[in-house]
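Note that this is a predicted model, so its numbers are computed, not measured. Numbering of ligands and ligand atoms starts at 1, following listing order.
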Amino acid sequence: MSDDTHEGGDSHARAVVDDDEHGWSAVATEWAGLWGGFAEPVRRVLIAEAKIGPGSRVLDVGCGSGEFLATLAGAGAVAAGIDPARGMVGEARRRAPQAEVRLGGVDDLPWADVSFDVVTAVNALQFAYDTLEALGEMIRVAGPGGRIAVANWADRAHNDIDTVEIAVAAADGEEPQPDGDLRLEGGLEELFRDAGLEVLSAGLVELPWEAEDDDALVRGVLLGAPPEERRASAPVVLAAARPFVRPGGGYRLLNAFRYVVGRVPD
Ligand SMILES: C[S@@+](CC[C@H](N)C(=O)[O-])C[C@H]1O[C@@H](n2cnc3c(N)ncnc32)[C@H](O)[C@@H]1O
C-alpha cells in the first residue's frame with residue numbers, strides 16, 4: 001500500500017508511504033469506539049509531568065483516532081499528530097479538527113528539527129521498526145530543552161486483559177509471548193537514558209477498561225480478528241472475563257501503563 005503524494009510543506013516534506021503493516025486502518029472506527037478513551041488517565045499525567053499548557057507545541061506520534069490531540073487542544077496546546085494508518089488519520093482529523101495531522105510513522109518524522117516543545121507517544125512506540133532510532137527522531141523534532149513523554153502497557157501481572165488474552169492463546173495451543181522490555185519496570189527509563197535523555201519522572205498509572213456487554217468485550221479483546229475467529233474464541237473470552245463482571249452488568253478490567261518523561265539535554 002503506498003502513494004506518492006506529499007503532505008507537509010516544510011523542508012522535511014517527503015513522499016508519504018501508507019505503511020500500515022499492522023492493519024490499524026481497518027479497525028480505526030472500532031478502535032475509537034472501544035479503546036479510544038482508554039488511555040485518558042495516563043494522557044493527563046503526561047500533560048502535567050511534561051508541563052504542557054496553553055501555547056505548548058506538542059506532537060503526538062502514533063496518534064491513532066485523535067483523542068489525545070483533542071485533549072491537548074482543549075488544554076490550549078498547539079497540537080499535531082502523525083500516524084501511518086490512513087483510517088486513523090481520518091478519525092483523528094475528524095475528532096481534533098484544530099490539530100495538524102499527517103500520514104506517516106515515527107521512524108521518519110516529516111518535520112524540521114526543533115519544531116516542538118513536547119513530543120509524546122502513547123501505546124505506539126512498540127510499533128516502530130527500531131525503538132531507539134524512533135526515539136532519536138522524536139528527540140530531533142523536539143530539540144535541546146524539549147520534553148519527550150512515552151507511555152506503554154505495563155507488564156502482564158498488572159493487566160486483567162492479559163488474563164483473558166492468555167486464556168485465548170492457551171485455547172489455541174499457543175504460549176503467551178514474554179513481556180517486552182518496554183513493559184518492564186525501569187524499561188522505559190533505560191531506553192531514555194540509552195537515547196541520551198535526562199529522565200524527569202516515571203511511574204505507573206492504572207487504567208480501567210469497561211465493556212458494556214458481552215459483544216463489546218469480545219470485540220474489544222479480539223479487535224481485528226476475522227468474524228469466524230471471533231465466534232470461535234468468544235466462549236473462551238467470556239469464561240476468562242467472569243471475574244471482571246460489573247455488579248450492574250458489563251465488564252470492568254483494570255490494566256496499567258508505565259510512563260516516562262524526559263528532557264533533551266542542551
Ligand atoms: C494501539 S494504537 C494507539 C493509538 C493512540 N496513541 C492511543 O493511545 O489511543 C497504536 C497506533 O500506533 C500506530 N502506529 C503503528 N506503527 C507506527 C509507527 N511506525 N509509527 C507511528 N505510529 C505507528 C498505529 O497506526 C495505531 O494508530
Item checked: Nearest-option assignment for atom 8 (O) of ligand 1, heavy atoms, candidates L109, V122, T120, D130 -> V122

Notebook entry, point to check: Quick one: does L103's side chain get under 4.5 Å of D83's, heavy atoms only?
Noted result: no

Next item on the list: Kindly determine whether E212 and R246 satisfy salt bridge (Lys or Arg N to Asp or Glu O under 4.0 Å), including the steps that lead there.
Entry: CA-CA 9 Å; E212 286 312 305; R246 294 184 302 202; 3.5 Å; yes

Notebook entry, point to check: Parallel, tilted or perpendicular: which describes the rings of F38 and W35, with under 30° parallel and over 60° perpendicular?
Noted result: perpendicular

Checklist line | Option with minimal heavy-atom separation from atom 15 (C) of ligand 1, where the choices are W31, F127, F38, W35 | finding: F127

Next item on the list: Taking the side chain as every heavy atom from C-beta outward, state whether Y251 and L238 have any pair of such atoms under 4.5 Å apart.
Entry: yes

Item checked: Heavy-atom proximity to atom 9 (O) of ligand 1, best of E137, Q126, M88, R43 -> R43

Check: Any Lys/Arg nitrogen of R193 or E190 sitting under 4.0 Å from an Asp/Glu carboxylate oxygen of the other?
Finding: no

Check: Could R183 and D162 be called an ion pair, given the rule that one side-chain N must be under 4.0 Å from one carboxylate O?
Finding: yes

Margin query: Which option wins on minimum heavy-atom distance to atom 21 (C) of ligand 1: V42, V89, V106?
Written below: V106

Check: So, is G62 polar-close to ligand 1, with some N/O to N/O distance under 3.5 Å?
Finding: yes

Item checked: Per-atom contacts of ligand 1 with A85, taking only distances under 4.0 Å to non-hydrogen atoms -> 25 (O)

Item checked: Minimum non-hydrogen distance to atom 27 (O) of ligand 1, winning option of D107, N123, D108, D83 -> D83

Next item on the list: Go through ligand 1 atom by atom and flag the ones less than 4.0 Å from a non-hydrogen atom of G64.
Entry: 4 (C), 27 (O)

